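For ligands, and for the atoms within them, numbers begin at 1 and follow the listed sequence. None of the values given here were measured: they were computed from a predicted structure.
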Amino acid sequence: MSNPVLVIGAGVAGMTAAIELADSGVKTVLVEELSTTGGNALDLYKAFPTDDCFYCFEGNRWRPGIRKCFYRSALIDQPNIDLKMNSRVEEISGNPGNFGIVLAIGPQYIDPMKCTLCGLCLEKSKSFSLVSVQCQPQAVIYNPDSRDEGTQIAAKECPTQAINLDAQASKETITVSDIIIATGFHEMKPSAIDEYGYGTHPNIITQLELAKLLDPNGPSGGVLLRPSDGDPARRVMMIQCVGSRDENYYPYCSKICCIFALKHANILTRERENVGVSVVYMDIRTYDRYERYYRETRESGVEYIRGRVSRVTPQEDGSLSIVVYDSLLNTYLRFSADLFVLSSALEPSAGSGHIIETLRLKSASGFIGPLSADDPVVVGNHVFACGTALGPAEVPESVTQARAVVSKILQSRK
Ligand SMILES: Cc1cc2nc3c(=O)[nH]c(=O)nc-3n(C[C@H](O)[C@H](O)[C@H](O)COP(=O)(O)OP(=O)(O)OC[C@H]3O[C@@H](n4cnc5c(N)ncnc54)[C@H](O)[C@@H]3O)c2cc1C
Ligand code: SF4
Ligand code: SF4
């Protein structure tokens with residue numbers, strides 16, 4: 001029997017690759033460093049291009065017998081997938097087609113097969129939390145650093161005995177035929193860019209943080225409130241190209257930040273009452289079908305200002321005074337806003353550098369580089385990458401790349 005395939009990272013790309021390989025009869029080991037799968041897609045609320053909710057992102061593929069909104073999971077219910085949560089690849093040795101892998105498996109404090117999400121532990125102690133109502137595996141997570149007096153009580157009273165506070169880390173060695181890198185991206189935290197003031201005032205946030213504020217399951221129940229004082233936020237200013245197209249940070253265009261900014265501007269002006277949005281930009285890049293967001297936001301009254309923000313000053317009433325250089329009018333303008341939202345660069349995930357070094361792969365501005373431009377998902381001999389591990393991409397593109405990898409592996413096994 002052939003060796004299994006290793007997939008590193010259980011975001012949309014890694015999950016798609018693992019599920020489709022497994023459905024084709026290939027054993028797959030899916031390694032995820034966090035306690036829940038989904039990666040960045042867990043936090044996006046609504047998704048372009050269709051504006052569907054993102055909770056059922058796993059349902060980007062339809063399976064007979066399972067509704068689009070999943071109450072069963074293609075990932076958890078698939079016996080060919082060995083899902084390793086809280087885990088990392090520690091060592092890679094051997095040869096292409098026959099890699100030796102040492103996995104560092106984190107302590108498995110909660111048994112997802114036993115947890116019924118009854119919520120008792122969440123009431124007893126802050127050391128337990130629920131990442132998302134749609135999380136997979138369907139289980140709470142435990143953070144030992146937040147341990148308090150309620151922790152032991154919760155473990156004792158858990159009705160299904162799903163909690164093991166003494167769980168220990170372990171190691172496992174496996175042999176795999178192919179490696180798929182799906183380690184994704186991070187949204188840059190732009191604290192170093194002084195003029196935008198990120199980190200100095202709670203009403204200066206990133207687009208990913210705005211997505212949380214818009215989410216009905218988020219901290220404000222989807223009502224747009226100023227984080228500083230909980231007052232309604234009526235005026236929102238967005239700034240594009242934060243850390244992208246900037247030689248001091250990332251020289252590349254992050255490709256999708258115009259689209260997600262305009263998606264949010266559309267939600268704010270069409271689905272919330274009395275919210276005004278201004279977008280400060282250098283260029284608006286809503287390629288292909290995403291041009292509709294530009295048209296729709298124009299129609300719904302979003303104000304576009306070509307220029308750069310030069311200063312943000314918090315005011316006593318909790319608002320922000322923002323000075324913008326308007327490059328079309330060649331003048332400085334002053335605005336008042338309740339929220340200043342930064343469209344931050346998509347940067348390579350933290351472990352990319354280590355993987356590139358260990359497997360001697362090419363780097364493309366810190367993302368995984370393809371061996372040849374003709375075949376973007378092939379990054380080494382029996383080594384593939386898909387999704388945002390290769391660079392900024394939307395979900396449809398990430399899924400298409402994952403399927404391209406699956407097709408290559410299946411062909412090589414014929
Ligand atoms: C604000 C914002 C809004 C967006 N809105 C949309 C939208 O509406 N529609 C759309 O199509 N796209 C949208 N996107 C893009 C979307 O988030 C990505 O296309 C998608 O999440 C990419 O999935 P991925 O699997 O490649 O990466 P990720 O989601 O980053 O997943 C990578 C996974 O790998 C894990 N991982 C990383 N390193 C390791 C390691 N060393 N070992 C083990 N595991 C590891 C991570 O924990 C994570 O779970 C948006 C992005 C942002 C920032
Ligand atoms: S008490 Fe037990 S079953 Fe209930 S949510 Fe917590 S871990 Fe899950
Ligand atoms: S997608 Fe738009 S905001 Fe993002 S870097 Fe490119 S031009 Fe700037």
- Query: What protein heavy atom sits nearest atom 2 (Fe) of ligand 2, and how far off is it?
  - Reply: Cys158 SG, 2.4 Å
- Query: Looking only at protein heavy atoms, which one is nearest to atom 8 (Fe) of ligand 2, and how far off is it?
  - Reply: Cys115 SG, 2.4 Å
- Ionic contact status for Lys263 with Asp51, cut-off 4.0 Å: no
- Note on the structure: Nearest non-hydrogen protein atom to atom 6 (Fe) of ligand 2, with distance, is Cys121 SG, 2.4 Å
- Atom indices of ligand 2 within 4.0 angstrom of Ile163 heavy atoms, with elements: 7 (S)
- Message: Run Glu299 and Arg292 through salt bridge (charged side-chain N to carboxylate O under 4.0 Å, His left out) and show every step you take.
- Response: CA-CA 10 Å; Glu299 281 162 15; Arg292 88 161 166 91; over 6 Å; no
- Message: Salt bridge or not between Lys46 and Glu271? Use side-chain N to carboxylate O under 4.0 Å.
- Response: yes
- Query: Hey, mind stepping through Tyr304 and Tyr294 against ring-ring contact (aromatic ring centres under 6.0 Å, His included) and telling me if it holds?
  - Reply: CA-CA 10 Å; Tyr304 284 89; Tyr294 181 68; 5.1 Å; yes
- Return yes when Ala211 approaches ligand 1 closer than 4.0 angstrom through a heavy atom, no otherwise. no
- Where's the contact between Thr206 and ligand 1, heavy-atom distance under 4.0 Å: side chain, backbone, both or neither? neither
- Note on the structure: With heavy atoms and a 4.0 Å threshold, my read on which part of Asp283 contacts ligand 3 is backbone
- Task: Write out the residue and atom name of the closest protein heavy atom to atom 41 (N) of ligand 1, then the distance separating them to 0.1 Å.
- Result: Arg88 NH2, 3.5 Å
- Query: Are Asp338 and Arg234 ion-paired here, with the side-chain N under 4.0 Å from a carboxylate O?
  - Reply: no
- Query: Does Val279 reach the side chain of His264, with side-chain heavy atoms less than 4.5 Å apart?
  - Reply: no
- Would Lys46 count as a contact of ligand 1 if the rule is a heavy atom under 4.0 Å away? yes
- Message: Does only the side chain of Thr116 get under 4.0 Å from ligand 2, or the backbone, or both, or neither? Count heavy atoms.
- Response: both
- Quick one: nearest non-hydrogen protein atom to atom 50 (C) of ligand 1, plus distance? Leu44 CD1, 3.6 Å
- Message: For a 4.5 angstrom cut-off between non-hydrogen side-chain atoms, does Arg245 reach Asp283?
- Response: yes
- Query: Checking side chain to side chain donor-acceptor pair (under 3.5 Å) against Ser177, which of His382, Arg413, Lys27 comes through?
  - Reply: Arg413
- Considering Lys263, Lys255, Lys212, Glu33, which one's heavy-atom position lies nearest to atom 40 (C) of ligand 1? Glu33
- Pair Lys84 + Glu90, salt bridge at N-O below 4.0 Å: no
- Query: Given the rule in the salt bridge (charged side-chain N to carboxylate O under 4.0 Å, His left out) test, do Lys189 and Glu209 qualify, once you have shown the distances and angles that lead to the verdict?
  - Reply: CA-CA 11 Å; Lys189 297 287 175 219; Glu209 289 160 356; 3.6 Å; yes
- Message: Is the ring pair Tyr293/Tyr290 parallel, tilted or perpendicular, if the boundaries are 30 and 60 degrees?
- Response: parallel
- Option set Tyr45, Phe48, Phe260, criterion heavy-atom distance to atom 6 (C) of ligand 1, minimum: Phe48
- Query: ligand 1 versus Phe185, non-hydrogen atoms closer than 4.0 Å: side chain, backbone, both, neither?
  - Reply: both
- Message: Heavy-atom distances under 4.0 Å decide this one: backbone, side chain, both or neither, for Ile259 against ligand 1?
- Response: neither
- Everything protein-side that's N, O or S and under 2.8 Å from atom 4 (Fe) of ligand 3: list it, residue and atom. Cys257 SG
- Message: Between Lys255 and Tyr287, is there a side-chain heavy-atom distance shorter than 4.5 Å?
- Response: yes
- Task: Measure Val395 to ligand 1 on non-hydrogen atoms and call it side chain, backbone, both or neither using the 4.0 Å cut-off.
- Result: both
- Message: At under 4.0 Å between heavy atoms, is it the side chain or the backbone of Leu34 that contacts ligand 1, or both, or neither?
- Response: side chain
- Salt bridge or not for Arg147 and Asp145, using N-O below 4.0 Å? no
- Message: Counting only heavy atoms closer than 4.0 Å, does ligand 1 sit against the backbone of Ser398, its side chain, both, or neither?
- Response: side chain
- Looking only at protein heavy atoms, what sits closest to atom 4 (Fe) of ligand 2 is Cys118 SG, 2.3 Å
- Item | Interfacing atoms of ligand 2 (cut-off 4.0 Å, heavy-atom, Thr160) | 3 (S)
- Query: Which bit of Ala393 is near ligand 1, meaning a heavy atom under 4.0 Å away: side chain, backbone, both or neither?
  - Reply: backbone
